[in-house]
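Here's the structure, in structure tokens; my notes come after.
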Amino acid sequence: MTLPLTLAIGLCAGILAGIFGVGGGLIIVPALVFVAEYTQVTATGTSLVALLMPIGLAGTYAYYRAGAIDAANIKVGLLISVGMFLGSYVGARVALSLPDYVLKRAFCVFLLLVAGRMWMMTVPK
């Protein structure tokens, strides 16, 4: 994969992480699968490598300065990260035990469920 393409994927993921709080699963993994033709497992593992760096630090700082989050929110986020740390190991073990096509289909179902739930939340009452 070329350096400009790699940086472009990271830039898109970073921008969308700052706007919507997404990046790894919704941007990096599909980009690596469709553009770079990675397997689902390789794309997921590569995305997790990207998340090892403190990528959310700049976005967190911007939200904190704007008053959108406070120390309590940061504490909650740090506690969630502990769960993510442990859960990512379990999830990786599950992903490695599944065939690529099963993992891709499960990922699609997950995205559809999230999209459907978000869509229903925006319906005017």
Are Tyr63 and Val76 connected into the same hydrophobic cluster when the rule is that any two of I, L, V, M, F, W, Y join if their side-chain heavy atoms are below 4.5 Å apart? no
So side-chain hydrogen bond (donor to acceptor under 3.5 Å, both in side chains) across residues 67-88, not counting sequence neighbours, yields none
Applying side chain to side chain contact (heavy atoms under 4.5 Å, CB included), name anything that partners Pro4, two or more places apart in sequence or on another chain. Thr2
Quick one: CG on Leu11 to CD1 on Ile9, what's the gap to the nearest 0.5 Å? 11.0 Å
Counterpart residues, side chain to side chain contact (heavy atoms under 4.5 Å, CB included), relative to Val94 (two or more places apart): Leu98
Are Met1 and Ile27 connected, step by step, through hydrophobic side chains (Ile, Leu, Val, Met, Phe, Trp, Tyr) whose heavy atoms are closer than 4.5 Å? no
What pairs with Tyr64 under side chain to side chain contact (heavy atoms under 4.5 Å, CB included), at least two apart in sequence or on another chain? Ile69, Ile74
Verify same cluster id: Leu16, Leu5 (apolar side-chain graph, 4.5 Å): no
Test of understanding: clusters of I, L, V, M, F, W, Y form through side-chain heavy atoms closer than 4.5 Å, transitively. Do Leu111 and Phe34 belong to the same one? yes
Reported CE-to-CE distance for the pair Met121 and Met118, which is rounded to 0.5 angstrom: 6.0 Å
Scanning both residues in full, the closest heavy-atom pair of Ala95 with Leu103 reads CB-CD2, 3.9 Å
Mind checking whether Val33 and Phe110 sit in one hydrophobic cluster, side chains of I, L, V, M, F, W, Y counted as touching below 4.5 Å? yes
Pair listing, side-chain hydrogen bond (donor to acceptor under 3.5 Å, both in side chains) test, anchored in residues 92-105, at least two apart: Tyr89-Arg93, Asp100-Lys104
Please collect all side-chain hydrogen bond (donor to acceptor under 3.5 Å, both in side chains) contacts where either partner lies in residues 36-46, sequence neighbours excluded, each pair once. Thr39-Thr42
Roughly how far apart are Leu7 CG and Cys12 SG, rounded to 0.5 Å? 11.0 Å
Minimal non-hydrogen separation, Gly25 against Phe107, with atom names: O-CZ, 2.8 Å
